[in-house]
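Report on the following structure.
What's counted below: heavy atoms across the whole structure, side chains too, no hydrogens, waters or symmetry copies. The chains referred to below are lettered A, B, ... by the order of the sequence lines, with proteins before strands, and numbering in each begins at 1.
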Amino acid sequence: MELIENIQKGERAAIAKAITLVESSKDSDQQLSRQLISELIKKPGKSIRIGFSGPPGVGKSTFIESFGSYLVTKNYKLGILAIDPSSQITGGSILGDKTRMVEISKNPNTFIRSTPSRGTLGGISMGTREASIILDAAGYDFIFIETVGVGQSEIVASNLVDIFTLIVGPGSGDELQGIKKGITEYADIFIVNKNDGELKIEASKTAADYKSALSYYKKLDKLEKQVLLVSAIEQTGMKEVIKTINQIVDQNKQKGIFEERRADQLKFWIEEEVKNIIASDITKRLSSKGSISKYSEKVMKNEMSMFEAVETITKDTLK
Amino acid sequence: MTNKSNNGFNSWQKSFEKETKKNFSDAKSETDEGIDIKPVYTKDDLENFSFVENNSLPGQWPYTRGPKASMYTNRPWTIRQYAGFSTAEESNEFYKKNLESGQKGLSVAFDLPTHRGYDSDDDLVMGDVGKAGVAIDTVEDMKILFNNIPLDQMSVSMTMNGAVLPVLASFIVAGEEQGVDRSLLSGTIQNDILKEFMVRNTYIYPPEPSMKIVADIIEFTSKEMPKFNSISISGYHMQEAGADNVLELAYTLADGMEYVRAAMSKGLDVDDFAPRLSFFFAIGTDFFMEIAKLRAARTLWAKIMKDFGAKNERSLILRTHCQTSGVSLTEKDPYNNIIRTSYEALSAILGGTQSLHTNSFDEAIALPTDESARIARNTQLILQNETGVTKTVDPLAGSYFVENLTEELSKKAWDIITEIEELGGMTKAVKAGIPKLKIEESATKKQAKVDSGSRVVVGVNKYKNPKEPSVDVRVIDNNRVRDDQIKKIQAIKKSRDTRAVEKALANLTNAAKDETNLLTPCIEAIKLRATVGEVSKALEQVYGRHFAKSLSVSGVYGKHFEGDKDFMKVEKKVIDFENANGRRPRVLVVKIGQDGHDRGAKIVATSFADMGFDVDMGPLFQSPKDVAKDAIENDVHAIGVSTLAAGHKTLVPELMKALSNIDPKSKIIVFVGGIIPEQDYEFLYKNNVSAIFGPGSNIIECAEKVIDLISDNLSKE
Ligand code: B12
Ligand SMILES: Nc1nc2c(ncn2[C@@H]2O[C@H](COP(=O)(O)OP(=O)(O)O)[C@@H](O)[C@H]2O)c(=O)[nH]1
Ligand SMILES: [Mg+2]
């Protein structure tokens, strides 16, 4: 495919159209997309993929603008996938992340793509994973994935990246109780943003809370989790962030964790995909047979118990 | 005994209900402000006031009835028309002509590069020089602007906020070089930065340093320019951006409080500067509401200033300039605008304004021509000379309705002011973006009312003129203006003492690092012929340039159209499109260049999203190259350029070039909305623009056309 060559040459329009393909819900596009990806993975690039997750408004986009500006001055090429949560109400969406990425979006060494989330798992779909494969093939050094971190989606997002970063705001330390173990498994770095002006004291306190909470889990995990203080607006703390990222990458590579993770992630995605296909297949079968309504009627009329109905339907459908 | 319990009222109510076949209690109409207007007001409605005092007099506490005892009976309001375009030479000619024809004060409109602190030779402002105001690069331009206009006699208002330091400095130096001491200069500098962050968008630096600059100007003028208004606290732009009258009133006064605090934090006593604070309001079409607003503004400000500890009576008095509403004026059937403007002007006068600008009927087409400007000016001359409105002070005082409305507005505004104060004041609120969002919400509602036909705009959504008149248009050749300006800049840069200029600029940069008043070192630099751009950059080195983070409203437009046939038709087209193409129609809505009119772009974006489109919203001040990169990376189907400040003939072709530079085979279609004189349609179509949507366009119709165009384009594969 000509498209593949053009992606590998780093042509902006080709990359963009390829991402459209992998995001498309059209069957014919999906087929093309599969061919495309199987070709692209034959010649992988060297990208490091970093996830930035966190609640809406903590400053993820602003942080990416700030951190990204810092990286492009060091001549890194930066691909950014922003999953924009701003849709829900109407079905359509306003993708406004770029109004927070004014400086880096002008830079020729960046590629920024926003995707409307449509409410699914914080927006991460197979499309996002494929999009990062495309950016990798196109020669980007870093791929940033901005996602809204809420519950489940963090697990999915963390399976997309080599380093998973949770961005939090000053004062969020109180929520630590609730987060506990789960989060430490997925996040490598905790960034406390908005360490500026009146928020400084609160930010330091929050960082300290995270540190002490995490020190407890340090013993359980093999790796040390990092807590960093930054201000996206004042562009402070950026050097520390890149230093920490490089450290973790080096360390993980040395210990073989880097590859191990990618392998685990692959398993995760294969399993997800298989489950998806099976699930949609079964949904189709269920609705074509109409067994749910048939048996529920029987249960309603007390002709059989719900348990019996479930068993019968399951057997019948999996036949 | 109250009216309602007496027989007179009861029998009136019966007759009313018989005539209208409605219950009296249901016969209310709600205004945009959420105030219920009753079909009749009585003496009862003058009771239980907390702000308005029933028996007050003009020029006396709480100044509801006017800042002066005699008002227009002694001297009519000042006819002050806002104008400026292309070069200083041409604007100067225009000013002199206007003064000969009965105008009394000057009001300078600068071009957008000047507003944003760029010289005319800067690449970033290619399409904007001299287009929407006059270009001022150095003090030499300022001197030309006031050539043969004696600055010790003429009061001059300058709408300048972002680049307020170099521009005020140039004005002071121009005066001095005319032989007029700064203490004799009279007039006003707008210097109201908070509303720039909210709605006007010609800020340069971030909020904190910008507030410091505001305070510097207040301090300097209070000490050295006793006849000069240090600030014009402006609600005008908020209403034009879509705010209702309560929002306009509340935010303006809350801004005022913030400026008072900023000045006091410099160690000034409130009475040192408060008499030189002035205000600026918009006068829209809601006739009585606008009158009530001016009366309420004076009432509330007196209270606010008393609370600040003002002792001097002049500190308590709100003096204001007003401008009739531009946004109420239409491109369609434009002569209707003369009528609208006349009523708005009358509102301003009955409200007791100190000076007034009346808009020209070609407002929604381009900058006024000599002829349309003459009619606008005459609107005021006729009011002053023929109607008798100057003969009685505050003639509506005691009107049950107007007094009640004044009280209602005061109450509602006061609630908002209190809320903002509790949250820590307007600077904080503005930084969080809340007021801007509220205004955009209000603007979106207004658009929905017009598009759904529940609000009639004559000639636009009803009573259309089948034979639209064609009108003359002022055309500005911005390339010529730019070339002229560049030549002037080059000549000055050759003849000035470069070393001295550099030193003065370095001084200025240093001064910005501490608390020094910045106007003094600015004046030094300007005297040595530093340019407006150089001075702005010297400060930018310390302060940086501000980029606004924009938020968007969602669901406000759509809510008005639940069950609407046309709306649902577009929604269905969007879903069909998604089924056929694997994704929704995706449109990038952009502003290019220095044009900061974002009301239309924001409304269109949120409305399209409500209909199901995926809309990418570009930031302000993008270059054509930035837009092309953004569009291609997101693989949008179409770009919608919203352009109101007349840069389209330069910027749209540049965009087309930029698109094909990145992707020669680009299939992205481009359409244009905003202020496009009909004469330019052909030019744009020749440059491959797919559609043009002018002022007054129904957004649902826009959306349908856009999706059809995108589908057509895709089927051409
Ligand atoms: C409101 C307004 C303002 C507000 C702007 C508030 C804001 N945040 O937007 C304020 C008061 C701040 C303002 C300031 C100025 N203004 Co002004 N302003 C207007 C005014 C009165 C109305 C514009 C408006 O918002 N209309 C309402 C919206 C909803 O309509 P719209 O933008 O036209 O959009 C509709 C259609 O055009 C179309 N559309 C537009 N864009 C798009 C995009 C897409 C994708 C689609 C599908 C459709 C579409 O659909 C919309 C819905 O119907 C116009 C005159 C007029 N009556 O149009 C002057 C006008 C645009 N301003 C003008 C000028 C000169 C200025 C200043 C530069 C003055 C100065 N020298 O200081 C300043 C600077 C502003 C800046 N930073 O750029 C001039 C421009 C002259 C020209 N083009 O030749 C005008 C034409 C007035 C005049 N005749 O002098 N202004
Ligand atoms: N004080 C402060 N505010 C910030 C900082 N970073 C972001 N913000 C503000 O937080 C808000 C949300 O930012 P945004 O980047 O859109 O957050 P996102 O939703 O996580 O992408 C914006 O108003 C930013 O200006 C910071 O470092 N300091
Ligand atoms: Mg974001």
As an exercise, state the distance from [atom1] of [X] to [atom2] of [Y], rounded to the nearest 0.5 Å.
X: Asp614(B); Y: Ile94(A); atom1: CG; atom2: CD1; answer: 10.5 Å
X: Thr20(A); Y: Asn581(B); atom1: OG1; atom2: CG; answer: 11.0 Å
X: Lys98(A); Y: Gln622(B); atom1: NZ; atom2: CD; answer: 9.0 Å
X: Asp84(A); Y: Met617(B); atom1: CG; atom2: CE; answer: 13.0 Å
X: Lys26(A); Y: Glu578(B); atom1: NZ; atom2: CD; answer: 12.0 Å
X: Ile80(A); Y: Glu633(B); atom1: CD1; atom2: CD; answer: 9.0 Å

With a 4.5 angstrom heavy-atom cut-off, is it the side chain or the backbone of [X] that approaches chain B, or both, or neither?
X: Glu103(A); result: side chain
X: Thr110(A); result: both
X: Ile112(A); result: both

Report which part of [X] has an atom under 4.5 Å of a heavy atom belonging to chain A: side chain, backbone, both, or neither.
X: Asp630(B); result: side chain
X: Asp626(B); result: side chain
X: Thr606(B); result: both
X: Val627(B); result: neither

Mark yes or no for whether [X], through its side chain, and [Y], through its backbone, hold a donor-acceptor pair below 3.5 Å.
X: Arg583(B); Y: Ser24(A); value: no
X: Lys629(B); Y: Asn107(A); value: yes
X: Lys17(A); Y: Asp635(B); value: no

Q) By side chain to side chain donor-acceptor pair (under 3.5 Å), which residues pair with Thr99(A), not counting sequence neighbours? A)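 None.
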(Q) Are the side chains of Arg586(B) and Ser114(A) in contact, using a 4.5 Å heavy-atom criterion? (A)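 With C-beta onward as the side chain, the pair touches.
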**Q.** Within-4.5 Å side-chain heavy-atom neighbours: Glu198(A) and Lys428(B)
**A.**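 In short, these two side chains touch, coming nearer than 4.5 Å.
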Would you say that more than 12 heavy atoms from the other residues, nucleotides or ligands in this model lie under 6.0 Å from the [atom1] of [X], or not?
X: Asn579(B); atom1: CG; result: yes
X: Lys106(A); atom1: NZ; result: yes
X: Lys438(B); atom1: NZ; result: no

Q. Looking at Gln30(A), Arg100(A), Glu11(A), Arg12(A), which makes the most heavy-atom pairs under 4.5 Å with chain B?
A.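 Greatest number of close heavy-atom pairs with chain B: Arg12(A).
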